[in-house]
Asker: 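One structure coming up, written as structure tokens, with questions to follow.
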Amino acid sequence: MPNTHYEKIEKAIRYINENSKTQPSLEEIAGAVSLSPFHFQRLFRQWAGISPKRFLQFLTINHAKKLLKDSSVIDVSFEIGLSSQSRLHDHFVTLEAVTPGQFKNEGRDMKIDYGISHSPFGSVFIGATERGICQLSFISKDNRRDSLKSLRDAWPNATISENCSRMDTLRKQIFNTHAESNEKFHLFVQGSNFQVKVWESLVRISAGKAFSYQQVANSIALPSGSRAVANAIAKNPIGYLIPCHRVIRSTGVIGGYRWGSERKQAILAWEAANVQNV
DNA sequence: ATTGCCTGCGTGG
DNA sequence: CCACGCAGGCAAT
């Protein structure tokens, strides 16, 4: 899956958003990403496993509203304490967290590997300690350096070294959708108590579902805190595995995303396509 | 579907 | 403490 595939997808989504009023045809969209309708079809089948037409349906406001309606309530009845488990696609995610204060005492001589690899949603920067994955960010050509910088800023005492092959292996496991993988991932994050609480509730949202910021606020018993929740979500250091892309506006608008709203839409539609294949 | 006004909250100084 | 800004919500159109 070359990176150019995702770039085309993203471009198509942007074009659709910008021309939503005129309801562009498939031919028109294909033209906007400089592909023949035939190649456009093939690209989508390869990338998402579904036709562009189906894919477009997953991008509509109606579909998003339906997701919100079907999702009901996040089950937050996990054990109190800083760990939680969730099924995500065909693998499990556990979350371990420290507050910045705790980290100050424990965080000496920690080792972090990092590397850049290629996902269905563009290049990813992944960082991992012995205790778990501590960063996953999507990168574009103009922010290549930022991910490494934020890793260094977050873990100033750590020994950080490049290990592309480890991250490439990890990347394959993370974005693998085949049922036999059944991988387990351990995440190791640093955040305020509030942030961690919010991130934990995100991990409990399974693929193919979506919640509004309001619903997440309800789930942590802070019904008036939707904006604070949005703030906390925006600080999520581990994209995709902490599925902040599954939180959208209550109106069905996909809303903002740290790594670009189009990418959020792409991931959601891709998940929708994969879930229904199960 | 789009605007504009409103909110309460955590965060950082 | 207090001021700030927010990846939001909601009502009106």
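Order of the sequence lines sets the chain letters (A, B, ...), proteins ahead of strands, with each chain counted from 1.
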Asker: For A:Asp146, enumerate each residue passing the side chain to side chain contact (heavy atoms under 4.5 Å, CB included) test, keeping only those at least two apart in sequence or located in another chain.
Answerer: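 So A:Asp146 forms a side chain to side chain contact (heavy atoms under 4.5 Å, CB included) with A:Asn143.
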Asker: Using the side chain to side chain contact (heavy atoms under 4.5 Å, CB included) criterion, which residues pair with A:Ser36? Sequence neighbours excluded.
Answerer: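 Expected list: A:Phe38, A:His39.
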Asker: Would you indicate what A:Ile61 reaches in the nucleic acid, counting non-hydrogen atoms under 4.0 angstrom: base, sugar-phosphate, or nothing?
Answerer: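 Sugar-phosphate contact only.
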Asker: Quick one: list whatever passes side chain to side chain contact (heavy atoms under 4.5 Å, CB included) with A:Ser192, sequence neighbours left out.
Answerer: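 Listed in chain order: A:Phe194, A:Gln195.
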Asker: I need the residues from residues 222-229 of chain A with at least one non-hydrogen atom less than 4.0 Å from DNA chain C; give them sorted by number, or say none.
Answerer: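 Residues of residues 222-229 of chain A under 4.0 Å from DNA chain C: A:Ser226, A:Arg227.
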Asker: Counting any heavy atom closer than 4.0 Å, what does A:Tyr213 reach on the DNA or RNA strands: base, sugar-phosphate only, or nothing?
Answerer: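 Base contact.
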Asker: What residues from residues 252-266 of chain A pass a heavy-atom cutoff of under 4.0 Å to DNA chain C?
Answerer: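 Output list: A:Gly256, A:Tyr257, A:Arg258.
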Asker: With sequence neighbours left out, write down each residue that passes side chain to side chain contact (heavy atoms under 4.5 Å, CB included) with A:Thr251, or none if nothing qualifies.
Answerer: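 Applying side chain to side chain contact (heavy atoms under 4.5 Å, CB included) to A:Thr251 gives A:Arg249, A:Val253.
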Asker: Report the secondary structure of DNA chain B in dot-bracket form, marking unpaired bases with a dot and bases paired to a different strand with |, and treating Watson-Crick or G-U pairs with both distances under 3.5 Å as paired.
Answerer: ||||||.||||||
Asker: With sequence neighbours excluded, tell me which residues meet side-chain hydrogen bond (donor to acceptor under 3.5 Å, both in side chains) with A:Tyr15.
Answerer: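 Partners of A:Tyr15 under the side-chain hydrogen bond (donor to acceptor under 3.5 Å, both in side chains) test: A:Glu28.
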Asker: Which atom pair, heavy atoms only, marks the closest approach of A:Gly208 to A:Leu67?
Answerer: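 Smallest heavy-atom distance, with atoms named: O-CD2, 3.2 Å.
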Asker: Considering only heavy atoms of chain A and a distance under 4.0 Å, specify the first and last nucleotide of DNA chain B in 5' to 3' order that meet this criterion.
Answerer: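 Reading along DNA chain B, I get B:dA1 to B:dT11.
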Asker: Are the side chain of A:Ser261 and the backbone N or O of A:Gly255 linked by a donor-acceptor pair below 3.5 Å?
Answerer: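 It does hold such a pair.
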Asker: Can you find a heavy atom in the side chain of A:Val196 that is under 4.5 Å from one in the side chain of A:Val98?
Answerer: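 No. Closest side-chain heavy atoms not under 4.5 Å.
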Asker: For the residue pair A:Gln57 / A:His63, report whether a side-chain donor-acceptor contact shorter than 3.5 Å exists.
Answerer: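 No donor-acceptor contact under 3.5 Å links the two side chains.
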Asker: Please name all residues satisfying side-chain hydrogen bond (donor to acceptor under 3.5 Å, both in side chains) with A:Lys149, sequence neighbours left out, ordered by chain then number.
Answerer: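 With sequence neighbours excluded, A:Lys149 shows a side-chain hydrogen bond (donor to acceptor under 3.5 Å, both in side chains) to A:Asp153, given in chain and number order.
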Asker: Identify, between A:Gln215 and A:Asn231, the residue whose nearest nucleotide on DNA chain C lies closer to the 5' end.
Answerer: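 Looking at DNA chain C, the more 5' nearest nucleotide goes with A:Asn231.
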Asker: Measuring from A:Phe44:CZ to A:Trp270:CH2, what's the distance to the nearest 0.5 Å?
Answerer: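 So the gap between those two atoms works out to 14.0 Å.
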Asker: Which residues pass the side-chain hydrogen bond (donor to acceptor under 3.5 Å, both in side chains) test with A:Asp168, sequence neighbours left out?
Answerer: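 Per chain and number, A:Asp168 pairs via side-chain hydrogen bond (donor to acceptor under 3.5 Å, both in side chains) with A:Ser117, A:Arg171.
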Asker: Rounded at 0.5 Å granularity, tell me how far CZ in A:Phe211 sits from CZ in A:Arg204.
Answerer: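 Going from the CZ atom of A:Phe211 to the CZ atom of A:Arg204 covers 11.0 Å.
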Asker: Ring-plane angle category for A:His245 and A:Tyr240, please: parallel below 30°, perpendicular beyond 60°, tilted otherwise.
Answerer: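 Taking A:Tyr240 first and then A:His245, their aromatic rings lie parallel (interplane angle under 30°).
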Asker: Has the side chain of A:Lys111 got a donor or acceptor atom that lies under 3.5 Å from a matching backbone atom of A:Ala158?
Answerer: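 No: the side chain of A:Lys111 does not pair with the backbone of A:Ala158.
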Asker: Can you give me the N/O atom pairs linking the protein to nucleotides 10-13 of chain C at distances under 3.5 Å, or say none if there are none?
Answerer:
none

